[in-house]
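Values below: every heavy atom of this structure, side chains too, minus hydrogens, waters and symmetry copies.
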Amino acid sequence: MIVTGDDLAEIQSLQKYLESEFEMKSLGDLKYFLGIEVARSKHGIFLSQRKYVLDLLAEIGMLDCKPIDTPSEQNHKLGLYPDQVPTDKEHYQRLVGKLIYLAHTRPDIAYAVSVVSQFMHSPSEDHMGAVTRILRYLKVTHGKGLMFSKYGHTNVEGYTDADWAGSATDRRSTSGYFTFVGGNLVTWRSKKQKVVSRSSAEVEYHGMAHGVCELLWLRRLLRDLGFGPKKPMDLYCDNKAAIAIAHNPVQHDRTKHVEVDRNFIKEKVDAEIVSFPFISSEYQLADVLTKAVSTSIFHNSLDKLGMRDVFALT
């Protein structure tokens with residue numbers, strides 16, 4: 001159990017009560033919890049799953065595997081095909097399940113894990129190859145994690161992006177978002193959309209709606225903690241058409257199929273809860289959640305997300 005708060009006396013009182021009711025004791029400052037390691041320094045708090053990664057690689061005999069720079073191959077064509085060669089389904093599901101848990105502190109593998117998790121019911125050798133690539137990437141990045149530092153503000157903002165019709169087999173799109181509180185990355189998601197979108201603006205708009213929902217959840221959580229946002233939360237998007245739809249109160253034939261999302265978003269814009277600044281694709285952090293990008297773009301994004309490797313030699 002993790003006990004946290006800003007009232008030391010209250011924390012100590014709670015600990016004494018728990019010790020009187022249950023057979024338990026305080027283990028001091030949080031250092032390790034359910035596979036997640038916590039380290040503190042003058043720079044902030046660092047979360048990682050280094051031991052979890054090393055144990056996983058040792059378990060499957062890949063500690064000496066050849067490393068690779070990115071978790072996903074660019075322009076991959078993973079899908080379900082009639083002539084695909086099946087692989088061990090139970091082994092595949094177990095590995096992907098472990099990677100899904102690892103993604104709790106590793107946004108860098110969020111897209112890659114989202115892709116391989118789509119084939120749990122019928123995995124092929126190509127799908128297993130994609131899983132192996134993620135593991136090879138983890139071999140050289142096992143110490144990576146998230147650094148939480150103090151930047152002097154509690155602003156809430158997000159980045160949302162989508163890759164239109166990116167699936168090679170059903171032409172569904174993948175959308176994703178990152179959210180930040182006080183300049184620190186706190187939540188992220190990469191997910192294949194449930195329906196086929198007929199335009200890039202439509203798929204971006206659906207992605208914006210998911211991002212807005214996440215920001216609203218963070219807003220409620222922060223208010224419960226006593227420091228809710230005092231200004232509109234920025235959700236950065238690189239699609240001008242989607243931003244225009246969010247601000248335009250007039251119904252058009254081309255937006256009827258996204259009417260629910262349109263009204264939901266417009267309501268939050270009018271209430272000055274969220275705003276949608278335009279950002280060029282060059283600075284769109286959420287791009288790495290929607291498709292496999294080049295090595296340079298990938299690692300540049302990770303630096304901006306606050307991912308570090310405090311175990312790396314300097």
A.B. asks: Given T87 and E125, is the side chain to side chain donor-acceptor pair (under 3.5 Å) satisfied, shown in steps?
C.D. replies: CA-CA 5 Å; T87 189; E125 288 188 355; over 6 Å; no

A.B. asks: With sequence neighbours left out, what residues match K192 under side-chain contact (heavy atoms from CB on, under 4.5 Å)?
C.D. replies: Q118, S167, D170, R172, T174

A.B. asks: Check whether H247 reaches the backbone of I243 with its side chain - one donor and one acceptor, N or O, closer than 3.5 Å.
C.D. replies: yes

A.B. asks: Please tabulate, one pair per line, all N/O donor-acceptor pairs under 3.5 Å involving side-chain atoms of residues 297-305, not counting sequence neighbours.
C.D. replies:
residue, atom, partner, partner atom, Å
H299, NE2, D69, O, 3.0
S301, OG, I297, O, 3.0

A.B. asks: Could you work out, with side-chain contact (heavy atoms from CB on, under 4.5 Å) as the rule, every residue matching A103, not counting sequence neighbours?
C.D. replies: I109

A.B. asks: Is any side-chain heavy atom of L14 less than 4.5 Å from a side-chain heavy atom of V3?
C.D. replies: yes

A.B. asks: Can you sort out the partners of D7 under side-chain contact (heavy atoms from CB on, under 4.5 Å), two or more places apart, ordered by chain and number?
C.D. replies: A9, E10

A.B. asks: Kindly work out whether a path of hydrophobic side-chain contacts (I/L/V/M/F/W/Y, heavy atoms less than 4.5 Å apart) joins I273 to V181.
C.D. replies: yes

A.B. asks: Identify each donor-acceptor pair in which a side-chain atom of residues 21-38 lies under 3.5 Å from a protein atom, sequence neighbours left out, and give them as a table.
C.D. replies:
residue, atom, partner, partner atom, Å
S26, OG, G28, N, 3.3
E37, OE2, R50, N, 3.0
E37, OE2, K51, N, 2.7

A.B. asks: Ring pair (Phe, Tyr, Trp, His ring centres under 6.0 Å): which pairs involve residues 151-179, sequence neighbours left out?
C.D. replies: Y159-F180, Y159-Y236

A.B. asks: If you define the side chain from C-beta out and look only at heavy atoms, does anything of E90 sit under 4.5 Å from D88?
C.D. replies: yes

A.B. asks: Under a plain distance cut-off of 3.5 Å, with no hydrogens placed, do R133 and T70 share a side-chain donor-acceptor pair?
C.D. replies: yes

A.B. asks: D108 versus K144: any side-chain heavy-atom pair under 4.5 Å?
C.D. replies: yes

A.B. asks: Any chance you could lay out the salt bridge (charged side-chain N to carboxylate O under 4.0 Å, His left out) test for E59 and R94, step after step, and finish with the verdict?
C.D. replies: CA-CA 12 Å; E59 178 186 338; R94 187 171 60 83; 2.6 Å; yes

A.B. asks: Heavy-atom distance under 4.5 Å between the side chains of M128 and L95, does that happen here?
C.D. replies: yes

A.B. asks: Kindly indicate whether the side chain of M208, heavy atoms from C-beta on, has any atom under 4.5 Å from the side chain of I265.
C.D. replies: yes

A.B. asks: With sequence neighbours left out, write down each residue that passes salt bridge (Lys or Arg N to Asp or Glu O under 4.0 Å) with R220, or none if nothing qualifies.
C.D. replies: none

A.B. asks: Closest heavy-atom contact between S281 and D238?
C.D. replies: OG-OD2, 3.3 Å

A.B. asks: Could you give all pairs that pass the salt bridge (Lys or Arg N to Asp or Glu O under 4.0 Å) test and reach residues 272-293, with sequence neighbours left out?
C.D. replies: D287-K291

A.B. asks: Distance-only check: which donor-acceptor pairs under 3.5 Å involve side-chain atoms of residues 222-234, not counting sequence neighbours?
C.D. replies:
residue, atom, partner, partner atom, Å
D234, OD1, S275, OG, 2.4

A.B. asks: So with a 6.0 Å cut-off around CG of D270, is the heavy-atom count from everything else above 12?
C.D. replies: yes

A.B. asks: Any ring pair (Phe, Tyr, Trp, His ring centres under 6.0 Å) involving residues 81-100? Give me the pairs, sequence neighbours left out, ordered by first then second residue.
C.D. replies: none

A.B. asks: Output the distance between atom CG (L56) and atom NE2 (H142), rounded to the nearest 0.5 Å.
C.D. replies: 13.0 Å

A.B. asks: For residues 36-62, which residue pairs pass the ring pair (Phe, Tyr, Trp, His ring centres under 6.0 Å) check, not counting sequence neighbours?
C.D. replies: Y52-Y101

A.B. asks: Step through the shown structure and confirm whether more than 12 heavy atoms of other residues, nucleotides or ligands are within 6.0 Å of CZ on R136.
C.D. replies: yes

A.B. asks: Looking at residues at least two apart in the chain, or sitting in another chain, which of them share a side-chain contact (heavy atoms from CB on, under 4.5 Å) with L80?
C.D. replies: Q84, F119, H121, S122, H127

